[in-house]
Amino acid sequence: MSNKEAIAALAKAQQEMRTPLKDATNPHYRNGYASLKSCIKAIKPALNDNGFALLQSAGKDDQGHYIQTTFEHTSGGLFSSKFYMEPEKKGMQGLGSAATYAKRYGLLGLAGIEPDEDADDDGNEADEKPKAPKPQPKPQPKKPDAEVEHDAAVRQEQNSEPSSTPQQLKEVIENKIKLAAATWQLKKITQEHGKDFNTIKQHDAKMGAELNAYFKTRFEQVNTGER
């Protein structure tokens, strides 16, 4: 079955999609980010208007737990990708937090939209203009937000001090490469760890070559939608 009709519809839908509004705040870094609800609100209407149904389902295979995001068109064509999860906490709470994170980035990745947490929201349509931030109240006991906790954990790892040995640096970078679900995320790793790549290469040329080979392999996999 030809997929030309679905491809044309997706191209039109992407022109109508909006950048998700930052409707949530990370309590650790006081910066805004777009929640899963905001991402769906910015992307799903354009999909539906162009004949696509949005499906996000959980599954597990020999590589682990994953969230599969699918855009299925009325013509029969579909586009799908998997975002594998690695919960940082055991139990259903950790898996639920990882699933929310995977749904956000799986949806953004398949839609071709990069989350811009530092962008100004004034460019969005008037009816979508975010409300002015409320004054921060004094700390009060409250229920933990699983999504915020997970995002904070990821950022904390990204902003932590570099490991003391080249081997530890290599393991940190390899883990980030493994978790990346979009090419822009992989490119960001090279920007953040450019000096670390050189440090590893200078310490052990073979180790540096292995790391570069793994990066290139993952880039091709993500770029072609294999994972």
Row check, Tyr33 ring normal vs Lys22 NZ/CZ: under 6.0 Å, within 45°: no
May I ask you to test the His73-Leu78 pair for a side-chain heavy-atom distance under 4.5 Å? no
Which distance, rounded to the nearest 0.5 Å, do you find between the NZ of Lys41 and the CG of Leu36? 13.5 Å
In short, side-chain hydrogen bond (donor to acceptor under 3.5 Å, both in side chains) pairs touching residues 197-207 with sequence neighbours left out are none
Are any side-chain N or O atoms of Thr190 and backbone N or O atoms of Lys187, one a donor and one an acceptor, separated by less than 3.5 Å? yes
Atom CZ in Phe71, atom CG in Leu10: separation rounded to 0.5 Å? 7.0 Å
Salt bridge (charged side-chain N to carboxylate O under 4.0 Å, His left out) filter on Lys44, not counting sequence neighbours, yields none
Rounded to the nearest 0.5 Å, what separates atom CD1 in Ile177 from atom OH in Tyr214? 6.5 Å
What is the minimum heavy-atom distance between Asp23 and Ser35, and which atoms define it? OD2-OG, 2.8 Å
To check you understand the geometry: which heavy-atom pair defines the closest contact between Ser81 and Gly106, and what is its length? OG-O, 4.2 Å
When rounded to the nearest 0.5 angstrom, what is the spacing between CG in Leu107 and SG in Cys39? 6.0 Å
Tell me, please, which residues at least two apart from Thr183 pass side chain to side chain contact (heavy atoms under 4.5 Å, CB included). Phe219, Val222, Asn223
Considering all heavy atoms of both residues, which atom of Gln14 and which atom of Ala111 are nearest to each other, and what is their separation? NE2-O, 2.8 Å
Taking all non-hydrogen atoms of both residues into account, name the closest pair between Ile113 and Arg18 and its distance. CD1-O, 3.8 Å
Set of residues satisfying side chain to side chain contact (heavy atoms under 4.5 Å, CB included) with respect to Ala99, sequence neighbours excluded: Ile67, Met85
Can you find a pair of side-chain heavy atoms, one from Lys170 and one from Asp196, that are under 4.5 Å apart? no
Minimum heavy-atom distance between Arg218 and Ala180, given as atom pair plus value: NH2-O, 2.9 Å
Mind listing the closest non-hydrogen atom pair of Gly77 and Ala6 along with its distance? CA-CB, 4.0 Å
Side chain to side chain contact (heavy atoms under 4.5 Å, CB included) with Gln167: which residues, sequence neighbours excluded? Thr165, Glu171, Met207
Quick one: are Leu108 and Ile43 in side-chain contact, heavy atoms under 4.5 Å? yes
Only pairs under 3.5 Å count here: list side-chain donor-acceptor contacts from residues 48-61, not counting sequence neighbours, and write none if there are none.
unit_1 : atom_1 : unit_2 : atom_2 : d
Asn48  : ND2    : Phe52  : O      : 2.9
Asn50  : ND2    : Glu16  : OE1    : 3.1
Asn50  : ND2    : Ala46  : O      : 2.8
Gln56  : NE2    : Thr69  : OG1    : 2.9
Gln56  : NE2    : Lys103 : O      : 3.0
Asp61  : OD1    : Gln63  : N      : 2.8
Asp61  : OD1    : Gly64  : N      : 3.3
Asp61  : OD2    : Tyr84  : OH     : 2.6

Check the pair Gln68, Ser80 against side-chain hydrogen bond (donor to acceptor under 3.5 Å, both in side chains), reporting the backbone distance first and the verdict last. CA-CA 7 Å; Gln68 182 160 346; Ser80 183; 2.8 Å; yes
Determine whether a donor-acceptor pair (N or O, by modelled atom type, separation under 3.5 Å) exists between the side chain of Arg104 and the backbone of Ala34. yes
Regarding Glu174 and Lys178, does a basic nitrogen lie under 4.0 Å from an acidic carboxylate oxygen? no
Is there side-chain contact between Gln185 and Tyr105, with at least one heavy-atom pair below 4.5 Å? yes
Within a strict 4.5 Å, meaning less than it, do heavy atoms of the Phe79 and Thr70 side chains meet? no
